[in-house]
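Please read the structure below before turning to the comments.
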Amino acid sequence: RIRSLMFFVAVCVLGASAQAAHYYVSSTHASRNDSNPGTSASAPWATFDKVKSAWSSLSPGDTVHLARGSSWNLTFTGDYWYMGSGGSAAGGAITIRGDDYGTGAKPILRRTGGSGSCAFFVIQNSYITLQDFVLDGGHSDYAKNTLGLSIGSENRNVSNVTIKNMTIRNLGGDSTMYICGIWVVSPSYTVSDCLIEGNEVSDYSAHGLNHYSPSPMINITWRNNIVKNNYAGGRYPSANSALQITSGGKGCVFEYNYLEDRTTTEGCILGFGKYASDTGTN
């Protein structure tokens, strides 16, 4: 009976794993085309816009593999992508990763057009993983302002988001623009059980890493991130630092982060406080 039970469990686990799909995207592969199914590394999708449009049809546990050595130029005036769908506790996260397909440097998403302060990703659902690719604001002239990504929603609780080994750079900003690399924020709902690890952030006007929310943030881990900022194009007044920590909540961890901000007027670390509307405790 024990062997039968173990066999049954193994079959269930293998069956669940087999249902997860893998999709491939390349800007250089000779057979790239958005009309491909995308499920073969030898016949990948061509554009990152295809990833965005297909996202809502992906299932928990699915993975999108970005080819190393690829780059995609994006034009967006509003925020590029509100990620309103995600994975599940039973099926796992939906993942975009750039470390295990192709050869060369990390794949790059580069903003090359549009105006105003916008974000690459606004993550508004749970069980999402982004890892091992580059978000480049493209601001050689620092005329456009781009947030790397934010985690949190005005409509639901968000949990189990992983941001790992990302490079976020050239975000720009000036004294009127609140530009951050990675921002965890939720005006009304809880953000919980998120891991932000091994990322590199530079070139921003406000904060490299921002742990800031009027609502509770629970079990958020910031580990082994590197912030090196020399941005002198204008700093947001009274709110600029390598790391801001201002929120109620519990169980949040900040460890082994390297923080260097050479043009800040506020300090390398800003916060360790809470606002009147915070409902949790530090």
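No hydrogens, no waters, no symmetry mates; every other heavy atom, side chains included, goes into these values. Everything numeric in this text was worked out from a predicted model, so none of it was measured.
Using a distance-only test at 3.5 Å, with no hydrogens or angles considered, no donor-acceptor pair links the side chain of Ser31 to the main chain of Ala43. For the pair Thr95 (side chain) and Arg97 (backbone), a donor-acceptor distance under 3.5 Å is absent. Listed for the Tyr101 side chain is a donor-acceptor partner under 3.5 Å among the backbone atoms of Ala41. The main-chain N or O of Tyr231 is found under 3.5 Å from a side-chain atom of Thr263 such that the two form a donor-acceptor pair. Asn170 contributes no side-chain N or O that, together with a main-chain N or O of Gly138, makes up a donor-acceptor pair within less than 3.5 Å. Formation of a donor-acceptor pair under 3.5 Å by the Asn229 side chain with backbone atoms of Asp261 is not found in this model. Under a 3.5 Å cut-off, the side chain of Asp99 and the backbone N or O of Asp132 do not form any donor-acceptor pair.
To the nearest 0.5 Å, atom CG of residue Leu209 and atom CD1 of residue Ile163 are 12.0 Å apart. Atoms CZ and OG, from Arg156 and Ser126 in turn, are 8.0 Å apart once rounded to the nearest 0.5 Å. One finds the OG atom of Ser35 at 8.0 Å from the NZ atom of Lys50 (value rounded to the nearest 0.5 Å). Ile94 contributes atom CD1, which lies 7.0 Å from atom OG of Ser59 (distance to the nearest 0.5 angstrom). Atom CG of residue Asn225 and atom CG of residue Asn257 lie 4.5 Å apart, to the nearest 0.5 angstrom. Atoms OG1 and CE, from Thr246 and Met217 in turn, are 8.5 Å apart once rounded to the nearest 0.5 Å.
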Requested in this report: Output, in order, the C-alpha distance, side-chain angles, deciding distance and verdict of side chain to side chain contact (heavy atoms under 4.5 Å, CB included) for Phe133 and Ile96.
Outcome: CA-CA 9 Å; Phe133 58 99; Ile96 303 176; 3.8 Å; yes
Requested in this report: Start with the C-alpha gap between Thr63 and Thr129, add the side-chain angles, then the distance that decides, and say whether side chain to side chain contact (heavy atoms under 4.5 Å, CB included) holds.
Outcome: CA-CA 9 Å; Thr63 299; Thr129 295; over 6 Å; no
Report task. Decide side chain to side chain contact (heavy atoms under 4.5 Å, CB included) for Asp174 and Tyr236; before the verdict, give the C-alpha distance in whole Å, the side-chain angles of both, and the deciding distance to 0.1 Å. Result -> CA-CA 6 Å; Asp174 56 37; Tyr236 191 83; over 6 Å; no
Query - Full working for side chain to side chain contact (heavy atoms under 4.5 Å, CB included) between Leu259 and Ile269 - result: CA-CA 8 Å; Leu259 306 173; Ile269 300 177; 3.7 Å; yes
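Taking the six-membered ring where tryptophan is involved, the planes of Trp55 and Trp81 are perpendicular, since the angle between them exceeds 60° and thus also 30°.
Using a 4.5 Å heavy-atom threshold, the side chains of Met83 and Asn125 count as separate. By the 4.5 Å heavy-atom criterion applied to side chains, Leu130 and Lys164 are not counted as neighbours. Side-chain contact check for Asn160 versus Cys194: every heavy-atom pair is 4.5 Å or farther apart. Contact of the Arg111 side chain with the Phe120 side chain is registered, since non-hydrogen atoms from C-beta on lie closer than 4.5 Å. Inter-residue side-chain proximity for Tyr204 and Val227 is flagged as met; some heavy-atom pair is nearer than 4.5 Å. Residues Ile128 and Phe121 have side chains not in contact (no heavy-atom distance under 4.5 Å, counting atoms from C-beta outward). Counting only heavy atoms from C-beta outward, the side chains of His211 and Ile220 approach each other to under 4.5 Å. Between Tyr23 and Asp62, the closest side-chain pair of non-hydrogen atoms falls below 4.5 Å.
Remark: the Asn224 side chain and the Tyr256 side chain contain no N/O donor-acceptor pair separated by less than 3.5 Å. In this structure, a donor-acceptor pair under 3.5 Å is absent between the side chains of Asp203 and His139. A donor and an acceptor atom, one from each side chain of Glu266 and Asn240, are nowhere located under 3.5 Å apart. Thr47 and Asp34 are linked by a side-chain donor-acceptor pair at a separation below 3.5 angstrom, with hydrogens and angles left out of the test. Between the side chains of Asp49 and Tyr80, a donor-acceptor pair is found at a separation under 3.5 Å.
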N/O donor to acceptor pairs below 3.5 angstrom from side-chain atoms of residues 180-192, sequence neighbours left out:
from	atom 1	to	atom 2	distance (Å)
Ser186	OG	Ser153	O	3.0
Ser186	OG	Tyr189	N	3.2
Ser186	OG	Tyr189	O	2.5

Using atom types as modelled, flag every donor-acceptor pair under 3.5 Å from a side chain in residues 72-79 to any protein atom, sequence neighbours excluded.
from	atom 1	to	atom 2	distance (Å)
Trp72	NE1	Ala46	O	2.8
Asp79	OD1	Ala119	N	2.7
Asp79	OD2	Tyr82	OH	2.9

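Hydrophobic clustering (ILVMFWY, side-chain heavy atoms < 4.5 Å, transitive): Leu147 and Val134 are in distinct clusters. Both Leu135 and Val51 are assigned to one and the same hydrophobic cluster, defined by single-linkage of ILVMFWY side chains at heavy-atom distances under 4.5 Å. When the side chains of ILVMFWY residues are joined at heavy-atom separations under 4.5 Å, either directly or via intervening members, Val64 and Ile108 end up in two distinct hydrophobic clusters.
For His207 and Tyr178, the distance between ring centers is under 6.0 angstrom.
The two residues Tyr24 and Ser40 have their closest heavy-atom pair at CD1-C, 3.6 Å. Gly98 and Pro107 get closest at one heavy-atom pair: O-CD, 3.3 Å. The heavy-atom pair separating Arg110 from Ser71 by the smallest distance is NH1-CB, 4.3 Å. Pairing each heavy atom of His29 with each of Pro44, the nearest pair is CB-CG, 3.8 Å. Shown here for Leu270 and Ser241, the closest heavy-atom pair between the two residues is CB-OG, 3.6 Å.
Residue pairs meeting the salt bridge (charged side-chain N to carboxylate O under 4.0 Å, His left out) criterion with at least one member in residues 184-197, sequence neighbours excluded: Glu197-Arg223.
For Glu260, the CD atom is densely surrounded, since the number of other residues' heavy atoms within 6.0 Å is greater than 12. Atom NZ of Lys106 sits in a crowded spot, with more than 12 heavy atoms from other residues, nucleotides or ligands closer than 6.0 Å.
Ionic pairing of Asp136 and Arg169 is present here: one or more N-O contacts between side-chain nitrogen and carboxylate oxygen are shorter than 4.0 angstrom.
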